[in-house]
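Please read the structure below before turning to the comments.
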Amino acid sequence: MIDFARVQKELQECSKDVEGSGIRVAPKSDATLARLVGTIPGPIGTPYEGGTFQIDITLPDGYPFEPPKMQFSTKVWHPNISSQSGAICLDILKDQWSPALTLKTALLSVQALLSAPQPDDPQDAVVAQQYIKQHQTFVSTAQYWTETFAKASSRGIEEKVQKLVEMGFPEAQARSSLESVGGDENLALEKLCSG
């Protein structure tokens, strides 16, 4: 059984340090704390700099004794992240998980992975080969994907969520409504108003 009291505490801890770390975790909807959305900024000095990356988080029944399931919902060009599904190849999300770790430390590890790719243990073999054999092409492609998928759209969503929050809607509800209608502010507002 998921330890929801711990999850609640982890969410509070994360929200205290958003300004410092840029890392956010919020419920995907108001219905359950088992489905969350994590947001990490692209690390400075990498092709991901300036991007905001969203990660879907699903907590298994055994959490915190089993690792959270995480995958990027923002498309990213990286050897250890599937360019198709967003699956992440990271040891702490598999056999190196410990209950002492938290959602925030897991997201910090994912952010660190963006800074230090491991092409010898790839999730995406095509990207890993490009990283090794044509590094400049890899950097250009990663920057292009960051510009295309992690900048305008995610910032636009954040601004739209903020507008809806200012109108008095809870952040998680505003975010899930926007996501369910593909970011269309008017449709999200209709959905929120119709309850």
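Since the model is a prediction, treat every value here as computed from it, not as a measurement. Just so you know, these numbers use all the heavy atoms, side chains as well, and skip hydrogens, waters and symmetry mates.
For the pair Q143 and T146, the minimum side-chain heavy-atom distance is 4.5 Å or more. Looking at heavy atoms from C-beta onward, V161 lies in side-chain contact with E171 at the 4.5 angstrom threshold. Taking 4.5 Å as the limit, some side-chain heavy atom of Q111 sits within range of a side-chain heavy atom of P41. Using a 4.5 Å heavy-atom cutoff, the side chains of L192 and M167 are not in contact. Looking at E13 and T102, their side chains never come closer than 4.5 Å, going by heavy atoms from C-beta outward. Looking at Q123 and I81, their side chains never come closer than 4.5 Å, going by heavy atoms from C-beta outward. The side-chain heavy atoms of Q96 and L101, taken from C-beta on, include no pair separated by under 4.5 Å. W77 places none of its side-chain heavy atoms less than 4.5 Å from the side chain of F149.
Of all heavy-atom pairs spanning I40 and F72, the tightest one is CD1-CZ, 4.3 Å. Between A174 and L164 the shortest heavy-atom distance is CB-CB, 3.7 Å. Between P119 and A128 the shortest heavy-atom distance is O-CB, 3.7 Å. Of all non-hydrogen atoms in Q54 and R175, the two that sit nearest each other are NE2-NH1, 3.6 Å. Scanning all heavy atoms of the two residues, the minimum distance from R35 to T58 falls at NE-OG1, 3.5 Å. Across every non-hydrogen atom of L59 and P68, the tightest pair is CD2-CB, 3.8 Å.
Between the side chain of K75 and the main chain of S83, a donor-acceptor pair closer than 3.5 Å is present. Looking at S85, its side chain never comes within 3.5 Å of a backbone N or O of S82 through a donor-acceptor pair. Of the possible polar contacts, none joining the Q71 side chain to the K69 backbone as a donor-acceptor pair under 3.5 Å is found. For the pair E49 (side chain) and G45 (backbone), a donor-acceptor distance under 3.5 Å is present.
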Could you go step by step and tell me if N80 and L113 meet the side chain to side chain contact (heavy atoms under 4.5 Å, CB included) rule? CA-CA 8 Å; N80 307 107; L113 183 66; 3.7 Å; yes
Using the side chain to side chain contact (heavy atoms under 4.5 Å, CB included) rule, take F169 and S177 through it: C-alpha gap first, then chi angles, then the decisive distance, then the call. CA-CA 11 Å; F169 296 103; S177 293; over 6 Å; no
Go through the steps to decide whether K163 and E159 satisfy the test salt bridge (Lys or Arg N to Asp or Glu O under 4.0 Å), and finish with yes or no. CA-CA 6 Å; K163 269 189 192 173; E159 288 170 5; over 6 Å; no
For a side chain to side chain contact (heavy atoms under 4.5 Å, CB included) check, start with the C-alpha distance between S109 and L90, then their side-chain angles and the critical distance, and finish with the verdict. CA-CA 8 Å; S109 295; L90 184 62; 3.9 Å; yes
Please report the C-alpha distance between I92 and T105 in whole Å, then the side-chain angles of each, then the deciding distance to 0.1 Å, and finally whether the side chain to side chain contact (heavy atoms under 4.5 Å, CB included) criterion is met. CA-CA 10 Å; I92 67 154; T105 54; 5.8 Å; no
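Taking the six-membered ring where tryptophan is involved, the planes of F53 and Y48 are perpendicular, since the angle between them exceeds 60° and thus also 30°. The aromatic rings of Y131 and F138 lie perpendicular to each other, with more than 60° between the two planes, well past the 30° mark.
L103 and F65 sit in two unconnected hydrophobic clusters of ILVMFWY residues. Membership requires side-chain heavy atoms under 4.5 Å apart, directly or through other members. Under the 4.5 Å side-chain heavy-atom criterion for grouping Ile, Leu, Val, Met, Phe, Trp and Tyr, V37 is not connected to L107 through any hydrophobic cluster. V18 and L11 fall into different hydrophobic clusters, where Ile, Leu, Val, Met, Phe, Trp and Tyr are joined by side-chain heavy atoms under 4.5 Å apart, directly or via other members.
Under a cut-off of 6.0 angstrom, the local environment of OH in Y144 is sparse, with at most 12 non-hydrogen atoms contributed by other residues, nucleotides or ligands. Counting non-hydrogen atoms of neighbouring residues, nucleotides and ligands closer than 6.0 angstrom, the NZ atom of K94 exceeds 12 such neighbours.
Note that the CD1 atom of I23 and the OG1 atom of T39 stand 9.5 Å from one another [nearest 0.5 Å]. Once rounded to the nearest 0.5 Å, the distance linking NZ of K9 with SG of C14 reads 13.0 Å. Going from atom OH of Y63 over to atom CG of L33 covers 11.0 Å, rounded to the nearest 0.5 Å.
Using a cut-off of 4.0 Å between Lys/Arg side-chain N and Asp/Glu carboxylate O, E10 and R6 are scored as salt-bridged.
For the pairing with H78, the side-chain contact (heavy atoms from CB on, under 4.5 Å) check across P117, P122, C89 returns one residue only, P117.
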